[in-house]
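Every chain is numbered from 1 and lettered A, B, ... according to where its sequence line falls, protein lines coming before strand lines.
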Number of protein chains: 2
Amino acid sequence: MAQSDTVDRILDAAEELFAERGFSETSLRMITSKAKVNLAAVNYHFGSKNALIHAVFGRFLTPFSATLEKAFDELELRCDGKPPTLNQTLWVLTESAVRMPQRNEKGISIFMRLLGLAYTQSQGHLRKFLEQEYSEPFSRFMRLLKEATPQLSAVDRYWRIQFMLGATAFTMSSSDALQDILRNKLGVDTTVQEIAARLVPFLAAGMQAQDTLLTPRVENKIPVA
Amino acid sequence: MAQSDTVDRILDAAEELFAERGFSETSLRMITSKAKVNLAAVNYHFGSKNALIHAVFGRFLTPFSATLEKAFDELELRCDGKPPTLNQTLWVLTESAVRMPQRNEKGISIFMRLLGLAYTQSQGHLRKFLEQEYSEPFSRFMRLLKEATPQLSAVDRYWRIQFMLGATAFTMSSSDALQDILRNKLGVDTTVQEIAARLVPFLAAGMQAQDTLLTPRVENKIPVA
DNA sequence: ATGTGCTTCAAACGTATGTTTCAAACAGAC
DNA sequence: GTCTGTTTGAAACATACGTTTGAAGCACAT
């Protein structure tokens, strides 16, 4: 699955175990025994469990954010001057994610699941690490979203972006399980690419929904029982 | 905050701590010391930590599912014969959630966060417990969704429902953090009710999106780099 | 007052965790 | 070969966890 270098073996094992069990639920002993490596190797090479978590994220997030930057560059070049549309922006993002060189066939869903976990599991150190390490591509994406949805108020846009992130992270993070269920229920096979292709129109439509429901005060809009 | 009965004190403390830290990250000692109760009381009254988790969910999910059933009854009665619309169905759900009698002002976000965690944290026992305990209102909701979106293929509907669940679970599970960020960024305060009021139109629009993008083969739709 | 059933309490149990230690093994330079 | 710096190894460390124990406390019927 990878070269037999200790560091990479640890990273591979940790990545997979974190993705399928979460951080707190994965012990160093599980990782080292899956990696066929001595227990002390983790602390020797990484310093601590938290640092290992950071390393796992850094290994796939750094190349990804580079890919993403280039893709955004191309996109803005193609649009010369005019801001890219919402659909274009979303497609560029999913493309970059889907086209990332993967270590194996599970790569994409591990990638997605880890991102989801980073968002969900309230690991303060991880959030801090990601914020200060990858703030640039993130805020660039945010800026593109803003320019693509000028009709939205800042507050509306903020929440809808959260909804998008949620739908994406959640679906992708359990894409394996969801694909299995669908296969059993309807006998249909799906690829991650197809899920992404279904997701983007969903997100774009939600993002651009004009809610006639929400005007001055929200409470009025909830029908009284 | 509550009556001084040991069981309730434990449930209150556990609920709050689980919501803000997750299950594995919350120890019985944290719970019992917050509840000002002896450590052994948890195992005495509930049997185990897992059983306590079930009890926490049962305490708010049982009345909620009863409320929901009644709300669905009313809705179907109001629509006599015709299937309720997507918007109606979604509103009835969020209404029932938002209107639940709360133990305190944080009640709603705790409720939401716990639901999100149940979905996200891969605690096998919890999923099993929830499935066999609350399968009925869940599948009723699914049936209503199906009748409200007859234009969708089964596969499309399946994925879009996952997208909805994801957006909801994710947003609600970190609603506190997201509210804080928004307050710092734009100086705006938000209630869970308002989040729900923004979420519903987003979901409805996404659910009803007609994706001109997806026709015979998906791969063609991803622009080649 | 006495006994009974339920509840609380402090203490301990066994296990698992992240981390450290220090000697052994190893690789490459001289 | 011998030295040097790096990596591995088995074992132990301290701490935290969920759970169990058995005595003490309590309310209440007899």
Under 4.0 Å from a heavy atom of chain B: give me the 5'-most and 3'-most nucleotides of DNA chain C that qualify.
C:dC6 to C:dA12
Interface residues of residues 34-47 of chain A with DNA chain D (non-hydrogen, below 4.0 angstrom)
A:N38, A:A40, A:Y44, A:H45
Without hydrogens or angle criteria, can the side chains of A:T62 and A:Y134 be said to hold a donor-acceptor pair below 3.5 Å?
yes
Roughly how far, to the nearest 0.5 Å, is the CG atom of A:L61 from the CD atom of A:E133?
9.5 Å
State whether the side chain of B:R198 and the backbone N or O of A:W159 hold a donor-acceptor pair below 3.5 Å, judged by distance alone.
no
Does B:R9 use its side chain to pair, donor to acceptor, with the backbone of B:K36 at less than 3.5 Å?
yes
Tell me if a side-chain donor or acceptor on B:S135 pairs with a main-chain N or O of B:Q132 at a distance below 3.5 Å.
no
Under a 4.0 Å heavy-atom criterion, DNA chain D is touched by chain B from D:dC17 to D:dT21
Please classify the nucleic acid contact of A:T32 as base, sugar-phosphate, or nothing, using heavy-atom distances under 4.0 Å.
nothing
Report the relative orientation of the aromatic rings in A:F57 and A:F23; use parallel for angles under 30°, tilted for 30 to 60°, perpendicular for over 60°.
tilted
Exam field: side chain B:R113 to backbone B:A19, donor-acceptor pair closer than 3.5 Å
yes
Between A:E76 and A:R143, is there a salt bridge with N-O shorter than 4.0 Å?
yes
The criterion is side chain to side chain contact (heavy atoms under 4.5 Å, CB included); which residues satisfy it with A:A169, sequence neighbours excluded?
B:F170
Report which part of the nucleic acid B:S24 touches: base, sugar-phosphate, or nothing (heavy-atom distance under 4.0 Å, all strands).
nothing
Strand-adjacent residues in residues 48-60 of chain A, judged by heavy atoms under 4.0 Å from DNA chain C
A:S48, A:K49
Just by distance, no angles: are the side chains of B:T190 and B:Q179 close enough, under 3.5 Å, to form a donor-acceptor pair?
no
If only side-chain N and O atoms count, and only distance matters, is there a donor-acceptor pair under 3.5 Å linking B:T171 with A:Q162?
no
Side-chain contact, heavy-atom cut-off 4.5 Å: B:T191 with B:I195?
no
State which residues pass ring pair (Phe, Tyr, Trp, His ring centres under 6.0 Å) with B:F111; sequence neighbours excluded, sorted by chain then number.
B:F60, B:F64
